[in-house]
Protein chains: 2
Amino acid sequence: MSINYKKPSVMVDIAIFTLHEKTLKVLLVKRGIPPFQDHWALPGGGVRVDQEASIFDKTLEDAAKRELLEETGAKTHYLEQLRTYGSDSRDPREWTVSVAYFALLPYAAIQVQSGSDAADARWWSIKDNRVPVQLAFDHQQILHDAIQRLQAKVEYTAIAVHLLPNAFTLTELQRTYEYLLEAKLDKSSFRRRVHNAGIVKIIPGQFREGSNRPAQLYCFAKKTQKNVFFPRSADRNLG
Amino acid sequence: MSINYKKPSVMVDIAIFTLHEKTLKVLLVKRGIPPFQDHWALPGGGVRVDQEASIFDKTLEDAAKRELLEETGAKTHYLEQLRTYGSDSRDPREWTVSVAYFALLPYAAIQVQSGSDAADARWWSIKDNRVPVQLAFDHQQILHDAIQRLQAKVEYTAIAVHLLPNAFTLTELQRTYEYLLEAKLDKSSFRRRVHNAGIVKIIPGQFREGSNRPAQLYCFAKKTQKNVFFPRSADRNLG
DNA sequence: TTGACTTAGTGTTGAAATTCAACTAACATT
DNA sequence: AATGTTAGTTGAATTTCAACACTAAGTCAA
């Protein structure tokens, strides 16, 4: 068995997304040490598998959650495994495996913090499926895949609710979808699909007030409804 | 960096699917050595990262292709990364990471071979999203996830063509979808969708002959068409 | 108090997609 | 030439859905 073989290093990297000022943003950290010193990179680090050590991850997901907490100070809202990258060339030092995750958080929930290895950390706006800076390792590729996955899932799941605070109006939810899909959606179609899919629940008696008609507040309905939601008009407008 | 830390072992496991006798089947091997000796398991093994050794994998996918070839003698028809499993408890010996793949092959293309570690290898029919035998490690979980992914993709992609030989009739393609989805599909709807999606090409002048009207043979059109295909009637019938 | 303004939320309708079932086509067999 | 079987098409009935117009409920300014 492979137990006696040479082993690759195993990392966890996370693409942490939020929505702010009508734009999708991703959290990047500036590397403080080589390789790729001073390059921006996805937050991440080695999986800690030494039971005696002060930090110990029982699972890969635990490692991802730990990184997420270290970087944002936020408890996990949405965390999904993206895919795993492994080769002899992605890190100049050695054969490495990176298990990539992506996370969604409401902007308000986050307090950006610099981790130990990171000289700096900040949000970067995503334009044309990329970020306007060169990234370390194959992180440009990982980020690209993460954005693709996010956009694909936006089209047929309720995933976008995780970018909003606990209580939100249907108009806010629609705007979120519109920013992510870069398309305008029809109001009544949107509401019909949201209701049919059963992805939200009315919060009885709670409204968003303003200088106009108050809007009903909703929260995410946890039912693991699958495959129900699909803003079809986005197809055409994106073309 | 994690370079100095203790490392987990990294494996690649593959769920190899085919369709035979109207049933989805998966290839399992009987383990010849502990742990889980004599249990059935997904084919797999350690990623070889030692550049000096006789076997060396440049990438994770290379490792998966190598396992696939060792086990089936077939060149890769369809291979996709599923997800990665890693924890301190999935292998009784140590912290392990398994990068799981799933592969689709036409039944005729495969010559099952026993790999070095495997005492035996054979196809198992899938009933109710599982196989009627206890599997080693967390392979029951991996297999379950693989079946879920396969069934989900059948509904909106042309993935099922990879279970058929190079040339096939539209009726054969429809039967394939019906067996996978466990639902009856309408002939005219099915053909309309297949044509609109552009997932197949006529092979001019080639027909499947029999004691009835000959059927046009088609082949897979490689265009990476995305998200085009969706046998909607499966929704209802599956409930 | 009233009317202008703004955003929330609902109905209505025509067009497109889908189902269902009947139909024609092309072979072999007898 | 009649029969059986599977290939492949057609069109009417039905359902779904995007587009757009509409109503509802508040604030604000005069």
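Computed over heavy atoms, backbone and side chain alike; hydrogens, waters and symmetry mates excluded. Naming: A, B, ... by sequence-line order, numbering from 1 per chain.
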TODO: Under the side chain to side chain donor-acceptor pair (under 3.5 Å) rule, collect the residues that match up with B/T84, sequence neighbours excluded.
DONE: A/T84
Task: Rounded distance in Å - CZ (B/R191) to C1' (D/dT10) - done: 13 Å
- [ ] Answer whether the closest heavy-atom distance between the side chains of A/D13 and A/H139 falls below 4.5 Å.
- [x] yes
Open item on the list: Considering only residues two or more places apart or on different chains, which pairs with a residue in residues 125-138 of chain A satisfy side chain to side chain donor-acceptor pair (under 3.5 Å)?
Closed with: A/R90-A/D138, A/N129-A/Q148
Open item on the list: My understanding is that only residues two or more places apart in sequence, or in another chain, count here; which of them pass side chain to side chain donor-acceptor pair (under 3.5 Å) with A/E61?
Closed with: none
Open item on the list: Taking the cut-offs as 6.0 angstrom to the six-membered ring centre and 45 degrees off its axis, would you call A/R175 and A/Y179 a cation-pi pair?
Closed with: no
- [ ] Examine A/R83 relative to A/Y85 and say whether NZ or CZ is less than 6.0 Å from the centre of the six-membered ring and inside a 45° cone about the ring axis.
- [x] yes
Open item on the list: Please confirm whether the shortest side-chain N or O distance from A/R192 to OP1 or OP2 of C/dG11 is below 4.0 Å.
Closed with: no
- [ ] Take the angle between the ring planes of A/F17 and A/F102 and call it parallel below 30°, perpendicular above 60°, tilted in between.
- [x] perpendicular
- [ ] Calculate the interatomic distance between B/N196 atom CG and D/dT9 atom P; express it in whole Å.
- [x] 13 Å
Task: Sorted by number, the residues of residues 165-172 of chain B with heavy-atom contact under 4.0 Å to DNA chain D - done: B/T171
Might you list the N or O atoms of the protein lying below 3.5 Å from N or O atoms in nucleotides 20-22 of chain C, with each pair's distance?
residue : atom : partner : partner atom : Å
C/dC20  : N4   : B/S188  : OG           : 2.9

TODO: In plain terms, say whether A/E172 and A/R208 are close enough for a salt bridge, that is, a side-chain N and a carboxylate O under 4.0 Å apart.
DONE: yes
- [ ] Would you kindly give the CZ-to-C1' distance between A/F207 and C/dA8, to the nearest whole Å?
- [x] 11 Å
Open item on the list: Can you measure B/L173 atom CG to D/dG8 atom P for me and round it to whole angstrom units?
Closed with: 12 Å
TODO: Would you mind reading off the distance between A/L185 atom CG and D/dC17 atom C1', rounded to a whole angstrom?
DONE: 14 Å
Open item on the list: Please verify the inter-ring angle class for B/H20 with B/Y107; under 30° counts as parallel, over 60° as perpendicular, anything in between as tilted.
Closed with: parallel
Open item on the list: Please tell me whether A/E155 and A/Q151 have a donor and an acceptor in their side chains that are separated by less than 3.5 angstrom.
Closed with: no
- [ ] Measure the distance from CD1 on B/I202 to C1' on D/dA7 and round it to the nearest whole Å.
- [x] 13 Å
Task: Which nucleotide in C/dT19, D/dG8, C/dG9 has an atom nearest any side-chain atom of A/A215 - done: C/dG9
Could you list all N or O pairs between the protein and nucleotides 24-30 of chain D that sit under 3.5 Å apart?
residue : atom : partner : partner atom : Å
D/dA24  : N3   : A/R213  : NH1          : 2.9

TODO: Taking only the side-chain nitrogens and oxygens of B/R193, find out if one of them lies under 4.0 Å from OP1 or OP2 of C/dT19.
DONE: yes
Task: Separation of atom CD in B/Q216 from atom P in C/dA25, rounded to whole Å - done: 18 Å
Task: Protein-nucleotide distance (A/H195, atom NE2; C/dT10, atom C1'), rounded to Å - done: 11 Å
Task: Lys/Arg-Asp/Glu bridge criterion (N-O < 4.0 Å) met for B/E178, B/K22 - done: no
